[in-house]
Every structure is written in C-alpha cells, then in structure tokens.
Amino acid sequence: MNETKQEKKVRKKAYRKARRKATRPWKGLTFFSGIISIVLIPILVFLSMFDNTVAAFVGGSFWKLKNEDKNAVYYESDFETTEEMNQYGLELCETVEEEGAALLMNENNALPLEKGAKVSCFSNSSVNLVYGGTGSGNIDASSADTLKTALEKSGFEVNKKLWNFYSKGEGSKYARKTAGMVAEEGEKTTEVPWNVYTDDVKDSVASYGDAAIVVLSRIGGEGADLDFKETNYLALDDNEKEMLQNVAEMKKAGQVKKIVVLINSANTLQVDFLKNNEYDVDACMWIGDVGISGINAVAEILAGNVTPSGSLVDTYLYDNFSAPAMMNFVPTVYEGYEEGIIPEHAKTYMIYQEGIYVGYKYYETRYEDYVMQSGNSGAYEYHDDVAYPFGYGMSYTDFKYSDLKVSYNKEKDVFEVSVKVTNTGKEYSGKETVQVYFQSPYTAYDIENGVEKSSVALCGFGKTEILAPGASETLNMTVDRRELASYDTYGAGTYILDEGDYYLTVATDAHNAVNNILAAKGYTVDNTDGRMDTDGNSSLTYKYNNPKFDSTTYAVSANGTEIKNQLSDADINLYGGTEDEITYVSRNDWEGTLPQSILKMKLTEQMIEDLQDVQYDPDDYEEAKMPTMKAKNGKKLVDMIGLSYDDEAWDELLDQLSFKDMVSLIGDSFHWTMPLESVQAPGTRDENGPQGLTASLIASDKTEMDATAFTSEDVMAATFNRDLMTEIGKVIGNNCLKAGVSILYGPGNNIHRTPYGGRNFEYYSEDGFLSGEMSAYEVAAIEEKGVGVVMKHFALNDSEQDRIGLGVWVNEQAAREIYLKAFQAPVEKGNANGVMIAYTRWGCIWSGGSKPLVTGILREEWGCDGLIITDNVLTTYVNGVDGVLAGVSTFDAMLPYVTKQLPDYKNDAVIVNAMREACHRNLYAIANSSGMNGIGKDTEIKDTGLLVVDVVRTLLIVFGALFVLSLVMWITRKRRFKKNYVYAPVVESAEKKSEA
C-alpha cells in the first residue's frame, strides 16, 4: 500500500513538471500581456477623455499640414529674434511698473533715498515677493530679480545678515506657502514673530540704517476670496504690527533714519496703521504684483532715477469693511433649500444691493451729499473711511493745471477737452496723469424712477510726456457724450440724459474732482462749516446744460441696434418668480438704504424650475428645418479669410459639416479647438493670459516658451497710459505667435467690487470705464497679431466664493454701468471678438444660458461675432443645449459633459441649427486668426489625433492581441498535453517525456 502511494506521488510530480514545461511560456505570456492590457485600458480611456488636457501639459497636436505653404503667413512677428522679443518684454514690464506704482505718502521728502544708501529689508515678504497671483493666471517669475538684487543694481547696499535671516535662517520657517492651482481657502499671513529675531540680526540694522524698507505682501488667486470672515487678511496681523513697532523703536533710537513701506499686493491693503502714523512711517508706495521685472523699476524709483507717476485704480481705505458691498459679499443659501429640490451647486446667491455705488462712486457721492446736507447722509466722516482716493498718486515734483478749454463737437458727439500741465518743481522731471470726471444732475425724475447718479464718474484721461522742471504740455482729451448717459431701468428702460446741468472737471483724483465741482456750485470749506475738506478749483470745471430730458439719443447702440432692458430676471424687484423685494442703496436716503443685513430669499416654484440644470423646452420654440450636412461643396476655411461674418459663402462651407463635426468643434475644446477635415479647418492652441501668456502652465513647451510675465492688471491700469497698454498687447500677441497660441483666455475684465476678490490681480480696477478703456487698447493690439481674445469672465465673476453656480442678483443699471462696461469698450473700440463665460448665474439662469445677455447685449448691441467660450466645464449646468441656444459657441470642457449631451439632440432641428451657428462663430474666429498661418489654397489638413493616445491605443491592440494569442496557445497546449501524455513506470519517471 505504501509503495502504491509513493508511486502515485512520484507520477503526479512528474506529470506536473512536464505540464509546466509544456505550457509555462504561454501561461506567463498570457498573464503578462493581460496585466499590461488591463493597465492600458484605463490609461487609454483617461487619455482619450482628457486628450486636450494631456496635450496642453505634455505637448503634441491633433493635426498635421500636407503641402504647408510657407508663404501663407497672415500674421508676422514684430521682432527679428526671440531674444529681441524677450528683451523688449522685460523692459516694457519695468516701464509699466515705473508708471504704475503709486506713491501714497512721502513725509518730508523721505524719497528718493540717497545714492548708495545702506538699507535693511524687513518682513519675510521682502525675500518672497508676490510677482503675480495663483491659479490659471499664474505666471512664471522664477527668473525674476529679488528685491535685494534689484536694490543692488540701483546702487544700494543691502543688509545681508537680515536678508539671510529671512531667506535661509530661522525666519525662513515662516515663508508663505506655495499655493496650488486652485485655492481651497483664503491665504494666511505668515510674518516672523519678533522673538525669533536674534540680537545679532537686530544689531546688524544699525550698519544698514539709512532706510528700513518694509514689504507688506498679500496674494490672491483662483478658487477662494481673501479671508475676511475669521480674520482680516488685508489688515496687519499681530506679528507685522510688532515688527513695525520695533522698527519704529529702532528709528527712535537712531539706528534707522527712514521707514519706507512697500505694499506688494493687488488687493487693497487696509492702511489704518497709517491713519495716525503710529509706526512713524516716512514713505509708503503701492507697487502691486510686480511681474518679471517690475521690482527693478521699484528700486529705480526709490533711487530717484525714475519719478513715480502711477495713480490708484482702487480707493485705499482705513476700513475695508466700510464698503457697502461687504454686507452682501457672502454667498447665502436660499431659504427652503433641501437636497434634491435644486442642484446642490445652485443653492447659494449673492445680492449686489449697493447698485452703482462701488468704490469711489460710494465714498465720493456720500461725501458730496454730506457737504451739501442732502440725501440723509448722516454725520458722514469721509476721512474715517478713505485714506487715498481713486486716482491718487504723488510725484517727486509738483504740477499745476491751467487754461482748461472744453468744447462740444456735435458732429462727433464728443467733448474736446484741453488743459495745460506745468511742472512747477525745481529738481525732478516727471509725468502727470490728468483725469476727467463728469457729474450729471440728480433729478426728481431720477428719484421717482430709481435712477442712481454718482457724484463723479471717470470719463476720460491723458498722460503727459516727461516734463522737466518748468516745462509745460497741453493735453488734449476727448469725452464721448454717451458717457454722460445713465441707464434708466425702471422708467424708460434704456439710456437717458436728464434735463439740467452737467459738469466736466479735470482733476488729480476722484476726491479732487468732487471738490472742484462743489467749488463750481459755490461751496467752500468756510460756508460748509468745515464739511468740505478742501476748497476746489472752479476754473478747472466746465458746465454743460442739457435743455430737455432725452430717452432716445442713446437708446441705440454704437452698433445701430436698439438698447432696452435685457436683464430683468436678475433683478429681484423685476423677476416674476419671487415676491421678495430689495431696497437698493440710494443717494436719496443714505442712512435708510445702506444694507444692514442680507435679504433672505425664499425658493419659489418658479425659482426651483429656473435653477434646474437644463432650461431648454422644445415647446418654447417653433418648428425648424434641419440644416444641410455632409455636403460636398469643395469649400475650405482658407477661402473664408477676410470675408464678413454675414457673407453668403459661409452657408456653403457650413453645409459640409457633419453632426459629429459640430459636436467636436463645440464640445471638445479644453485649451484646443479640434481640426475638421470636412472644411479643412486647423485646430488651434488656446491658453490663459491675464498677466501675459501663462507660460508656466505649458509644461511641455517650457524649453521653447517665451512669454513676458507682466505686472498684475491693476498696475497696468494704474499707468493711465493707453500707449503702454498697446505695447503690452503687442508683446502678448507676439508671445502667442511664437508659442503657436491662437486663442488667449484673457485679459480679465471683472471688477474689484470689494478689496477681497480672490482674482483682483487678474482684473484692472474698481471702475468700469477705466477697466474698459485700458483693456480696449491692450485687446486691439493682441488681436492685430491674429490672436483671438476671449475676455474673462463674462460676467459678475467678481468673487471666488461658490463661484460655480452662484446666483447673482443685480439691477440693470449697475450691471450696465459697472460690470458690463468693462467688457463693452474692448468689443466696441478694441475689436475684441470673444469672451469667456462665467460660472455665475444672472439670478437663476447660468450666464452662458442667458440669451438676453449673450445674444441680446454682447452679440447684437455690441456686435461681437466671434468665439464665445465657457469657463472649464466642471459641472452639468454649464451645458451645451442652453449654451448654443443663448449664443455660446464652444465649451472649454475638461470633462465630456457636452460631447455626451449634444448627441441626444441629433434629431432636434432647433438645437442642430443653433449648433451650426455656433460652428459659424468658431470657424469665423479661426479663419481670421494666426491659426491659419501656413495654410494656403493647396494645403491639406489631416486630423491625426494625439500621438500619445495613438501610441497607447497601438500598445493596447498589440498586448490585447498577444493576450488572446497566448491564452489560446496556453489552452491548446494544455489540452494536447493531457491527451498525449504517457505515464511511464515509476522507475523510469526521471526519463518521462511529453509528446505535447
């Protein structure tokens, strides 16, 4: 018995060994190829789903050109070499900072510093400057100079011991953290506590005490507003206060001669510490986010080699919370919200209850009403709130304005304004910004119909050349009379000119403008019992009388279309879906209308319906005829270059598109526009660029990417120099040409509604006129290089809190005069041919799904024919159906929501026709872009797909086939082995052989 068991054991062992020998190679190959195939499947799915994203970050393209025409260059660089372009960009960025930095305080002419001064740089921000914001607008400033190197280049000696303490010593442990792509929460201050400073470090200051340069930095970015709920991020923290107090003690002890504060922030720092100058600060200068080379300009200003000429684009405050908008700067959940009633992302709202009274339009208007004792202004103390008014900026010299002349040119419908500017100083040359403000009458009609009027509104400006001491220049400026019109939401439903006296004044800033106009009305410091803080100059004011009420002249747009109410559904008081009402701030009753709490809005049946993801209802549309598709007309996109948008030839081209083509062109556009062989349209490369082309995000191209990282947009605007904006646009356009980028996501044109907006660095100003005017010149220059501009974010993306789905409630006057105005001028004057749609809702309706906003105002009133793209599609309410019906043409879609949704409407003629029109917009934009460079009449465009996707797909096919083959061979060998295996006697077991 034991012998039989032993025999069986030996035979089994021999059998298994022989079977393994016969099948092992195929078994191993089966497992190996199977595992590789399993790994490759999700990789392929991911790459196919996110091919645009992959291409944006690792390189590659989706098409190739056959018979590329080297002579078909429709847009050429302005520079002979890349080096020349880069050098010009560096110099221009420095010039922008030179003319944008605003000197706020200069006690006893503390600045400029003496030549070769020995200085100590205080704060961890001094070694970690803010060059730009975070998020999609982030710039690559890795090669930028530090404050230390910039100061040394300007001839200063810098305290190395203190610098090293911050940069690599104990102080470095408190450095600001590097923010991610999208912020999840507001930034925190991280200043070094004073008890960390060693005696050795503190003692080093005495040897470098000509000046203590204190840098106060704040940073913002995409995804989160600056913290104002738990802490006030824009106020000094305890460590900063302690540092300043100790620096002040050093000054008192004679170790430091001067204290100079640099405000390195695009968000307006709360400067209450300067109100009583408790830290004995001698000079303070706002420098914003300095870009790639701006810090060198700051050093040159400190050295006196450049005279500052920047003017603030925001009102600088002692109390940031005094802004009326701050009460409603909090996303609020609708009452009655329960999960499932409406989409979760639709549950919050924000009310712009302050109406038009944003920034200086609140502070200056309430000041004037207080001076005149009107409007229930209360015992208003302007200087308790305002530290430095909008437009303010000091110089190293003084200027005098004289010889104001204003005439009305009826043919052009403009006021022609001239003023003589004289440098009355004796030592420094410099430039001067002259600002033109208007005031329109606030009438009984306005009060009755809820038309609000700010005391002053910027309507023009100019900047002198460099004037030597004693030199003069006569500046000639124009003011479009259309700027004087106000939007009458509740009465005429269009723009009106009231009957009465209008004032135009030239001024140094908004507050100076109010005082000039008050002077023209007969008010003085004396006859107002000191309510008026300074006597104005009536000789710098012009009065214009409009003899009768006019509701027709400006009821037609510059594009020749009717202007009428379009945005009533975003106004709580006009939206028919709720019984809630709001009292907007009114200068007729300041004390009675300033918000004291947030209106609690209740969800109604109509609101619940309007807040659903897709609003399209076929019953709301008449039957439509399905358009022609897949025609063989032989048209190519190259044939359309230079044709007007309405040219009949477009129909023949569009007839060639298939439904699949349209889905691809509309819905698959994350940083790329896909090529279409049917009409021989190339793809295009798209990229962000509020501070210049965002080279830091294009990982694959870093070795060849050349782009200037400019200052933050507010510094650009603070130059008040249109020519500089043209040059900025020129460089950005050339950078895009070099990088092969044909569509630019930028500039940013939202408004600094409050100081705490996370993306204020991407936006120009608190003022719609200044933002629009400066943007118009930048955009025009970018467009001249064949780069399609899509301005961000249209519209009301003035905060980052709950930005995806936030419902914004605003009246139409505020919308048109403040928030849309910044986009209007670039379209009407700067040839901007596109926008990026915001995530926000106008009331209940997503911005991109609002036909009155997109088609009614943007397309028809303003005449924007080109590409309108969404922000990154991360949610289902940013949907293709509502978008194309409203006028959106393409979707910046990281996720495939749109490409999956649109095919469900393949047989819906209403939707298919809207898709065709969207493709018309996109192809029109591409045909007139640098994306056509290299494409001639005989050039053939081949859709290649992304190489990395093709490689992975090929590998999956190869390993998939190998898996099938090896599995078949494994099974076959196993079966043959079983069939043919011969059991030999035990004694011969060592010599068994398989015939398999």
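- Figure legend: cation-pi geometry between R722 and F461, with NZ or CZ positioned under 6.0 Å from the six-membered ring centre and within 45° of its axis.
- Remark: of the listed residues T268, T754, N760, T268 is the sole one forming a side-chain contact (heavy atoms from CB on, under 4.5 Å) with D314.
- In this structure, W590 has its ring center closer than 6.0 angstrom to the ring center of Y362.
- Salt-bridge formation is not detected for the pair E766/R753: no Lys NZ or Arg NE/NH1/NH2 atom is positioned less than 4.0 Å from an Asp or Glu carboxylate oxygen.
- Side chains of N376 and D589: a donor-acceptor N/O pair is present below 3.5 angstrom, by distance only.
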Given the rule in the salt bridge (charged side-chain N to carboxylate O under 4.0 Å, His left out) test, do E817 and K821 qualify, once you have shown the distances and angles that lead to the verdict? CA-CA 6 Å; E817 293 186 15; K821 195 175 185 69; over 6 Å; no
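- The existence of a salt bridge linking R587 and E368 is confirmed by a sub-4.0 Å separation between a basic side-chain nitrogen and an acidic carboxylate oxygen.
- Using cut-offs of 30° and 60° for the angle between ring planes, the H793 and Y763 rings count as perpendicular.
- Using a 3.5 Å distance cut-off with no hydrogens or angles, the side chains of E354 and Y352 do not pair a donor with an acceptor.
- Between F228 and F329, the distance separating the two ring centers is shorter than 6.0 angstrom.
- Shown are M725, M716, E713; of these, the side-chain contact (heavy atoms from CB on, under 4.5 Å) with M774 is made only by M725.
- Between Y490 and N811 the shortest side-chain heavy-atom distance falls below 4.5 Å.
- Side-chain contact between V556 and E562 is absent, with no heavy-atom pair separated by less than 4.5 Å.
- L312 places a side-chain heavy atom less than 4.5 Å from the side chain of L104.
- Atom CG of L806 sits about 8.5 Å away from atom CD of Q801, to the nearest 0.5 Å.
- Note that CD of E452 is 16.0 Å distant from OH of Y487, once rounded to the nearest 0.5 Å.
- With a 6.0 Å radius and a threshold of 12 heavy atoms from other residues, nucleotides or ligands, K521 has its NZ atom above the threshold.
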One pair to check against salt bridge (charged side-chain N to carboxylate O under 4.0 Å, His left out): R759 and D798. What are the steps and the verdict? CA-CA 8 Å; R759 297 174 89 165; D798 310 299; over 6 Å; no
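- Residues K463 and E432 are not paired through a salt bridge, judged by the lack of any N-O separation under 4.0 Å between the basic side chain and the carboxylate.
- Aromatic ring centres of F415 and Y544: separated by under 6.0 Å.
- Taking a 6.0 Å sphere around NZ of K420, one finds it holds 12 or fewer heavy atoms contributed by other residues, nucleotides or ligands.
- In terms of modelled atom types and a separation under 3.5 Å, the side chain of N573 and the main chain of I582 share a donor-acceptor contact.
- At a threshold of 4.0 Å, the pair E773-K829 counts as salt-bridged, since one of the basic side-chain nitrogens sits closer than that to a carboxylate oxygen.
- The cationic group of R366 does not satisfy the cation-pi geometry with Y382, failing either the under 6.0 Å distance to the six-membered ring centre or the 45° limit from the ring axis.
- Atoms CD and CG, from E762 and D289 in turn, are 10.5 Å apart once rounded to the nearest 0.5 Å.
- Salt-bridge formation is detected for the pair R816/E861: a Lys NZ or Arg NE/NH1/NH2 atom is positioned less than 4.0 Å from an Asp or Glu carboxylate oxygen.
- Checked against a 6.0 Å centroid threshold, the rings of H752 and Y764 do not count as neighbours.
- Taking the six-membered ring for Trp and the full ring otherwise, the centers of Y445 and F549 sit less than 6.0 Å from each other.
- Ring pair F390/Y360: centre-to-centre distance below 6.0 Å.
- Salt-bridge annotation for K453 and D498: present, with a side-chain N of the basic residue lying under 4.0 Å from a carboxylate O of the acidic one.
- Taking the six-membered ring for Trp and the full ring otherwise, the centers of W809 and Y584 sit at least 6.0 Å from each other.
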